[in-house]
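Predicted model, so just to flag it, every value in this text is computed and none were measured.
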Amino acid sequence: MRMVDVIEKKRNGKELTPEEIHFVITGYTNGRIPDYQMSAFAMAVFFQGMNNAEMTELTMAMVESGDTIDLTMIDGVKVDKHSTGGVGDKTTLVLAPLVASVGAPVAKMSGRGLGHTGGTLDKLEAIEGFQIELSETAFVNQVNEIGIAVIGQSGDLTPADKKLYALRDVTATVDSIPLIASSIMSKKIAAGSDAICLDVKVGSGAFMKDIDSAKALAQAMVGIAHHSGRKAAAFLTNMQEPLGFAIGNALEIKEAIDTLKGHGPQDLTELSLIIGSYMVYFAQKAESVEEARKLLEANIANGRAYAKFEEFIQAQHGNLAVIQNLELLPTAVYTIPVYATETGYIQEIEAIALGHAAMTLGAGRQTKEDAIDYGVGIVLTKKVGDFINEGDVIAYLHANRENVTNEINIVLTGIHIEETLANKLPLIYEIITD
């Protein structure tokens with residue numbers, strides 16, 4: 001078999017065999033296939049696409065290129081959740097303990113953030129002492145004992161994806177549905193869960209800017225999951241405005257705790273309940289999605305969801321005093337109000353603009369080497385559709401420097417106010433299970 005023949009076949013729009021796909025991924029991982037040929041292959045896929053069978057084979061070939069996590073020693077159906085990323089997206093901090101509180105095992109590997117704000121791991125590390133590294137044995141034991149563990153990637157998972165992703169970034173082939181879907185799903189499958197819920201963000205603050213492309217990605221990932229023997233559902237969710245009010249690591253920890261206690265933002269609460277209901281149903285802890293939601297709502301009301309969060313933090317050596325007294329979380333020196341310059345209804349809050357402002361304050365990374373300032377960020381006071389008067393506070397900047405003129409201008413430019421009431425977009429556009 002020759003790589004040039006495989007490139008030509010895909011360039012001409014023909015379906016590749018499993019053997020050809022595994023030949024490509026194995027050869028590239030081992031260094032036998034050079035970057036220039038893999039670049040040509042990626043471009044051929046970009047223009048010609050792949051069907052579900054091809055995407056599944058590509059995904060599984062990337063899974064098999066490295067280590068996999070064996071979760072068979074964990075009792076029950078293991079559920080996982082993945083988000084394509086957005087501004088203020090602290091859903092995992094709510095979902096994981098909430099779902100675990102009704103007996104569904106959550107064994108999750110998360111990542112760090114690059115851009116906007118930190119990833120789930122960065123947010124958890126805002127809690128003093130929290131350890132993101134556990135041995136595989138400790139990881140499995142913790143899930144069996146308390147039903148939840150969230151750690152960083154360990155071992156050499158999907159090395160083929162790491163190589164291919166870096167190549168796509170410099171060859172204009174990032175925006176390819178088959179390559180995006182196989183990249184995400186290879187990591188999820190390698191991490192060992194039996195069922196996966198996929199939060200596909202749509203809008204200005206998301207990677208997928210429009211519903212059609214987000215739906216295509218969601219269908220591709222659900223198709224890969226089903227072809228590989230996993231249960232899956234994908235949720236097309238609105239990222240035209242930040243999720244919740246808080247943007248920034250410690251600030252988002254506080255908002256997640258508020259949500260687990262039953263008084264968090266409406267959008268974050270509702271999204272957590274909807275995705276969580278499918279996770280509980282997939283874990284066979286409820287007879288239906290509707291019954292699962294009632295269980296979750298009950299555990300927020302009776303305090304079990306928050307109690308599970310405390311148990312989780314303590315199990316991974318986080319300082320429980322910080323959770324019980326949120327003033328002990330990292331805090332910025334300055335809290336600076338941003339005042340509305342117009343009177344009217346908020347039409348849009350550009351998530352990407354506010355994410356950028358939070359990053360320049362220090363809440364995110366521009367390069368992988370950047371250190372995160374856990375205490376800084378932005379807290380909004382209004383959402384799309386709300387009325388505000390000129391001179392009212394529209395947001396607070398939490399900063400460790402006095403001069404935040406640039407960030408104030410970014411926030412004001414990103415919040416659009418008009419005289420007429422906006423048509424508020426739905427929180428979830430569609431749920432895809434096929």
Side-chain angles (χ1 to χ4, degrees), residues 1-11 13-69 82-85 109-115 119 152-192 196 198 200 207-208 213 216-221 223-225 227-228 367-368:
M1 194 177 299
R2 297 191 311 159
M3 182 61 176
V4 65
D5 297 325
V6 178
I7 295 169
E8 182 179 14
K9 185 176 181 180
K10 177 46 64 180
R11 183 202 67 188
K14 295 179 181 178
E15 180 179 350
L16 300 179
T17 66
E19 292 77 17
E20 288 168 330
I21 292 171
H22 282 261
F23 164 78
V24 171
I25 296 303
T26 301
Y28 185 56
T29 306
N30 293 340
R32 294 195 303 270
I33 293 172
D35 281 350
Y36 63 84
Q37 284 191 310
M38 197 64 183
S39 299
F41 176 79
M43 191 62 76
V45 172
F46 181 91
F47 282 112
Q48 294 294 353
M50 282 182 157
N51 61 29
N52 274 341
E54 287 177 296
M55 284 190 285
T56 302
E57 289 298 336
L58 179 61
T59 301
M60 296 312 295
M62 291 198 289
V63 170
E64 293 163 11
S65 72
D67 299 337
T68 56
I69 306 299
H82 175 80
S83 170
T84 57
M109 288 191 169
S110 288
R112 297 194 179 278
L114 184 59
Q153 279 195 8
S154 59
D156 190 19
L157 268 64
T158 62
D161 174 61
K162 293 183 181 72
K163 285 190 71 174
L164 181 54
Y165 190 90
L167 190 69
R168 287 166 53 208
D169 199 36
V170 295
T171 57
T173 53
V174 170
D175 298 337
S176 164
I177 295 298
L179 298 179
I180 297 169
S182 58
S183 174
I184 292 171
M185 294 305 293
S186 65
K187 291 189 280 285
K188 292 288 103 181
I189 292 170
I196 306 163
L198 301 151
V200 182
F207 181 68
M208 310 306 287
S213 58
L217 175 60
Q219 289 174 328
M221 291 192 294
I224 290 169
H227 274 77
S228 61
T367 69
K368 289 181 180 179

To the nearest 0.5 Å, what is the distance between [atom1] ([X]) and [atom2] ([Y])?
X: L217; Y: I180; atom1: CG; atom2: CD1; answer: 5.5 Å
X: I25; Y: L164; atom1: CD1; atom2: CG; answer: 6.0 Å
X: R11; Y: D5; atom1: CZ; atom2: CG; answer: 11.0 Å
X: T29; Y: H22; atom1: OG1; atom2: NE2; answer: 11.5 Å
X: H227; Y: T59; atom1: NE2; atom2: OG1; answer: 11.0 Å

Is there a side-chain contact between [X] and [Y], using heavy atoms and a 4.5 Å cut-off?
X: S182; Y: M62; answer: yes
X: Y28; Y: D35; answer: yes
X: T84; Y: I184; answer: yes
X: T56; Y: M60; answer: yes
X: H82; Y: K187; answer: no

Between [X] and [Y], which heavy-atom pair has the shortest distance, and what is it?
X: S183; Y: R168; answer: CB-NH1, 4.0 Å
X: P178; Y: L58; answer: O-CD2, 4.3 Å
X: I177; Y: A216; answer: CG2-O, 3.8 Å
X: S213; Y: M208; answer: O-CE, 3.4 Å
X: V24; Y: I33; answer: O-CD1, 3.5 Å
X: T171; Y: S39; answer: CG2-OG, 3.5 Å

Strictly distance-based, threshold 3.5 Å: is any side-chain N or O of [X] a donor or acceptor partner for the main-chain N or O of [Y]?
X: T26; Y: F23; answer: no
X: T158; Y: A160; answer: no
X: N51; Y: A53; answer: yes

Self-check item: side-chain contact (heavy atoms from CB on, under 4.5 Å), paired with M221, selected from K188, M55, M185
Solution: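 Output: one option passes, namely M185.
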Exercise. Report the residue from T68, I69, V63 that forms a side-chain contact (heavy atoms from CB on, under 4.5 Å) with L157.
Key: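 Between L157 and the candidates, side-chain contact (heavy atoms from CB on, under 4.5 Å) is satisfied uniquely by I69.
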Quiz item: Out of Q48, E15, E20, which residue meets the side-chain hydrogen bond (donor to acceptor under 3.5 Å, both in side chains) rule with K9?
Solution: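 So, applying the side-chain hydrogen bond (donor to acceptor under 3.5 Å, both in side chains) to K9 and each of Q48, E15, E20, only E20 qualifies.
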Quiz item: Can a salt bridge be assigned to the pair K10 and E54 using a cut-off of 4.0 Å between side-chain N and carboxylate O?
Solution: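 E54 and K10: salt-bridged.
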Exercise. Start with the C-alpha distance between M38 and T173, add both sets of side-chain angles, then the distance that settles side chain to side chain contact (heavy atoms under 4.5 Å, CB included), and finish with yes or no.
Key: CA-CA 11 Å; M38 197 64 183; T173 53; over 6 Å; no
